[in-house]
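Please read the structure below before turning to the comments.
As the structure lists them, so they are numbered: ligands from 1, and atoms in each ligand from 1.
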Amino acid sequence: MHSIMPIFGTRPEAIKMAPVINALESSPHFRCIVTVTGQHREMLDQVNELFGIVPDHDLNILQQGQSLSAILTRTVDGLEKLFTHTRPDAVVVQGDTTTSTAAAIAAFYHGIPVVHVEAGLRSGDLRSPFPEEANRKMTSQIASLHLAPTSVSKANLVAEGISPEDVVVTGNSVIDALLATVGKYVAFTDPQLEDLATSGRKILLVTTHRRENQGDAMRGVARALARIADAERELVIVLPVHRNPVVREALLPLLEGIANVIVTEPLPYGEFTRLLSMAHFVVTDSGGVQEEAPSLGKPVLVMRENTERPEAVKAGTVALIGTDEARIFTEVTRLLRDPGHFAAMANAVNPYGDGEAAGRTVAAIAELLGVGSRIGDFTGGSSSNAPASPAAPAGS
Ligand code: UD1
Ligand code: UDP
């Protein structure tokens, strides 16, 4: 049996790694040594709990107000110590956080092959998103196996000189996680959300956390949301707020206490996907939410100038709107008031996956380690009917 060490540290990595870990665990070839850095804490533990993942090692690196350098050095240092007594046959990292790049560097320095899940996303601007574009490019330089979610991401890697032989198009495992979760009824912990579920009111779901949007831009987002809440009294804006104190300081003073704005703690993934399926549409700067919402036929307005996820923009379900306060107000109002525009964006598409990414990932790792061969690539991008919203159980 080969030992595989998935290493991850933040909420989105945990969500996208969970299906891969579960598929590795059910393969006769592999034994998982699950390692978390603890770059996030509550937001990471929430996901592991949902998917029944109990880490074997926890570097517990989180510090309030942590710098990028601290995340990098504390991860490399922790893994350095771990690798001296636990040497896996391969390390699996996901995406573009500083945990994932630091783990890739630590493994590479130890001569351990690096498998990169969600490889090849590129915005084309090294400074946006910061530091994620640089992180993922660095990981691509040292990975042995590149698991690209789409043919677009594979093409990006090949254009940078990565051998096509070392790239497998798997689809994004976030769609595996979404499909495993969204049909299951989960009660909201926050009673305001349970009341909202039966109110029939239109819901605008908002999330924001990106480093490059923090500060003035994020305060502008909050002002735009307050104006929208005032102009559209029947609408309810729901904002599950990231744990980052910098994000909270920008949003909460301007949005707490408004009658039709519900500010919540970060939601457990099952509750979040239920809320997503209830939402009329989404305003976000999140990567993962950009991938999930199109699958459910939910239009997405992305508060960024660029995206490394062009597939859903091309499909027409995602629009880039930046962070200008007046523009956010205009674009949200247009989606609320123009049914033709809304219908054009509310088409359910699955450009990011078919729910089989974890199986392709495990097969590709088996090939890398000489115990199997890869299976057919994800060829994706199909339109489909959105999965039904989860129904409340009888009597609830
Ligand atoms: C990180 C990733 C980003 C990813 C995001 C997902 C990097 C550089 N950034 O950004 O790519 O999109 O996660 O959410 O890797 N905090 C807590 N508890 C938690 C989580 C965060 O208290 O469970 C607070 C801490 O004060 C921490 C701060 O949030 O210092 C920022 O967390 P950090 O991981 O540094 O950055 P994110 O903005 O979350
Ligand atoms: N998410 C969640 N609870 C929340 C907000 C988001 O479970 O309150 C999930 C969401 O469904 C998506 C992921 O977290 O899968 C995205 O994480 P985030 O936006 O923090 O990071 P990014 O994807 O931008 O790196």
Side-chain angles (χ1 to χ4, degrees), residues 8-19 36-51 60-72 74-75 93-103 118 121 129-136 139 172-178 181-182 186 188-190 193 205-214 218 238-249 263-277 279 282 284-293 295-296 298 300 302-304 307-309 352:
F8 55 101
T10 68
R11 170 174 66 192
E13 292 165 84
I15 291 167
K16 292 170 173 180
M17 201 68 103
V36 296
T37 63
Q39 176 177 336
H40 284 175
R41 191 71 277 163
E42 305 86 346
M43 289 164 58
L44 171 73
D45 297 343
Q46 256 180 357
V47 182
N48 284 337
E49 196 179 313
L50 174 71
F51 288 100
N60 205 15
I61 67 163
L62 173 73
Q63 294 172 316
Q64 292 305 317
Q66 58 201 358
S67 69
L68 297 175
S69 305
I71 301 169
L72 179 79
R74 287 161 70 81
T75 296
V93 300
Q94 195 287 330
D96 50 23
T97 65
T98 295
T99 277
S100 71
T101 302
E118 198 185 75
L121 275 65
F130 176 87
E132 290 82 1
E133 178 82 352
N135 280 349
R136 55 199 174 213
T139 302
N172 197 311
S173 56
V174 78
I175 304 300
D176 301 30
L178 178 71
T181 309
V182 76
V186 180
F188 289 117
T189 317
D190 185 335
L193 295 181
L205 174 57
V206 181
T207 78
T208 176
H209 71 84
R210 293 244 80 83
R211 243 163 229 263
E212 59 277 13
N213 285 349
Q214 289 166 10
M218 212 169 269
V238 184
L239 183 72
V241 193
H242 194 285
R243 295 292 298 221
N244 192 337
V246 178
V247 171
R248 291 178 169 234
E249 278 154 27
V263 176
T264 72
E265 290 301 315
L267 295 177
Y269 188 58
E271 294 189 34
F272 187 81
T273 60
R274 180 178 174 206
L275 183 62
L276 184 58
S277 67
V282 183
T284 191
D285 59 16
S286 163
V289 178
Q290 276 179 71
E291 293 157 343
E292 294 162 337
S295 244
L296 302 179
K298 307 295 176 182
V300 186
V302 175
M303 298 183 290
R304 288 179 47 191
T307 181
E308 55 289 308
R309 295 168 169 88
Y352 298 112

Return a yes/no value for Gln64: is any of its N or O atoms, backbone included, closer than 3.5 angstrom to an N or O of ligand 1? yes
request  = Please state whether Leu44 comes within less than 4.0 angstrom of ligand 1, counting heavy atoms only.
outcome  = no
| said: Taking distance alone, with N or O pairs closer than 3.5 Å, would you say Asp285 contacts ligand 2? | reply: no
### Task
Verify, without hydrogens or angle tests, whether Asn213 (side chain) and Met303 (backbone) share a donor-acceptor contact under 3.5 angstrom.
yes
- Query: Has ligand 1 got any nitrogen or oxygen that is less than 3.5 angstrom from a nitrogen or oxygen of Asp96?
  - Reply: no
Contact region, Phe272 to ligand 2, non-hydrogen atoms below 4.0 Å, reads side chain
Ligand 1 N/O within reach of Thr98 N/O, cut-off under 3.5 Å: yes
Note: Glu271, heavy atoms under 4.0 Å from ligand 2, region reported as neither
| message | Is there a polar contact, in the sense of an N or O pair closer than 3.5 Å, between Arg41 and ligand 1? | response | yes
Would Thr207 count as a polar contact of ligand 2, with the cut-off being nitrogen or oxygen pairs under 3.5 Å?
no
In this structure, CG of Asn244 is separated from CD of Gln64 (nearest 0.5 Å) by 8.5 Å
So the atoms of ligand 2 within less than 4.0 Å of a heavy atom of Arg210 turn out to be 24 (O)
dist Glu292:CD -> Phe272:CZ (nearest 0.5 Å) comes out at 6.5 Å
When distances are taken from atom 23 (O) of ligand 2, the protein heavy atom at minimum range is Gly288 N, 2.7 Å
> So is Leu62 polar-close to ligand 1, meaning N/O to N/O under 3.5 Å?
Replying inline: no
For atom 34 (O) of ligand 1, the closest protein heavy atom turns out to be Gln39 NE2, 2.9 Å
Note: Pro129, heavy atoms under 4.0 Å from ligand 1, region reported as neither
message = Please check whether Glu265 reaches ligand 2 - meaning an N/O of the residue sits under 3.5 Å from an N/O of the ligand, judged on distance alone.
response = no
For Leu267, the ligand 2 atoms with a heavy-atom partner under 4.0 Å come out as 2 (C), 3 (N), 4 (C), 7 (O), 8 (O)
| query | Is any side-chain N of the basic residue among Glu118 and Arg136 closer than 4.0 Å to the acidic one's carboxylate O? | reply | no
Looking at Glu42 and Arg243, would you say the former's side chain and the latter's main chain have a donor-acceptor pair under 3.5 Å?
no
- Hey, does Lys16 come in under 3.5 Å of ligand 2, counting only N/O atoms on both sides? no
Taking only non-hydrogen atoms of Gln66 and a 4.0 Å limit, the atoms of ligand 1 in range are 27 (C), 30 (O), 32 (O), 33 (P), 34 (O), 35 (O)
Nearest non-hydrogen protein atom to atom 21 (C) of ligand 1, with distance, is His40 CD2, 3.7 Å
Q) If we only count N/O pairs under 3.5 Å, is Ile15 in contact with ligand 2? A) no
Ligand 1 to Pro131, heavy atom cutoff 4.0 Å, flagged ligand atoms 8 (C)
Under 4.0 Å between heavy atoms, the region of Pro12 that gets near ligand 1 turns out to be side chain
| message | So, regarding Arg211 and ligand 1 (criterion: nitrogen or oxygen to nitrogen or oxygen, under 3.5 Å), is there a contact or not? | response | yes
(Q) If I apply the N/O under 3.5 Å rule, does Pro240 come out as touching ligand 2? (A) no
among protein heavy atoms, the one nearest atom 17 (C) of ligand 1 is Arg243 CB, 3.5 Å
Glu132 heavy atoms within 4.0 Å reach ligand 1 at atoms 3 (C), 9 (N), 11 (O)
When rounded to the nearest 0.5 Å, the distance separating CG of Asp285 from CD of Gln290 is 8.5 Å
Ligand 1 atoms nearer than 4.0 angstrom to some heavy atom of Leu68 are 8 (C)
Distance col, row Arg41:CZ vs Ile61:CD1, nearest 0.5 angstrom, shows 9.5 Å
Counting from 1 in the order shown, the ligand 1 atoms closer than 4.0 Å to a non-hydrogen atom of Gly65 are 26 (O), 30 (O)
Taking the inter-plane angle between the rings of His40 and His242 on a 0 to 90° scale, is it parallel (under 30°), tilted (30 to 60°) or perpendicular (over 60°)?
-> perpendicular
Quiz item: Between Thr139 (side chain) and Asn135 (backbone), is there a donor-acceptor pair under 3.5 Å?
Solution: yes
| Is the shortest N/O to N/O distance between His242 and ligand 1 below 3.5 Å? | yes
Within the structure, is a non-hydrogen atom of Glu132 found at a distance of less than 4.0 Å from ligand 2? no
- Query: Do Thr273 side-chain atoms and Gly270 backbone N/O form a donor-acceptor pair below 3.5 Å?
  - Reply: yes
Quick note on ligand 1: atoms under 4.0 Å from a heavy atom of Ile71 include exactly 35 (O)
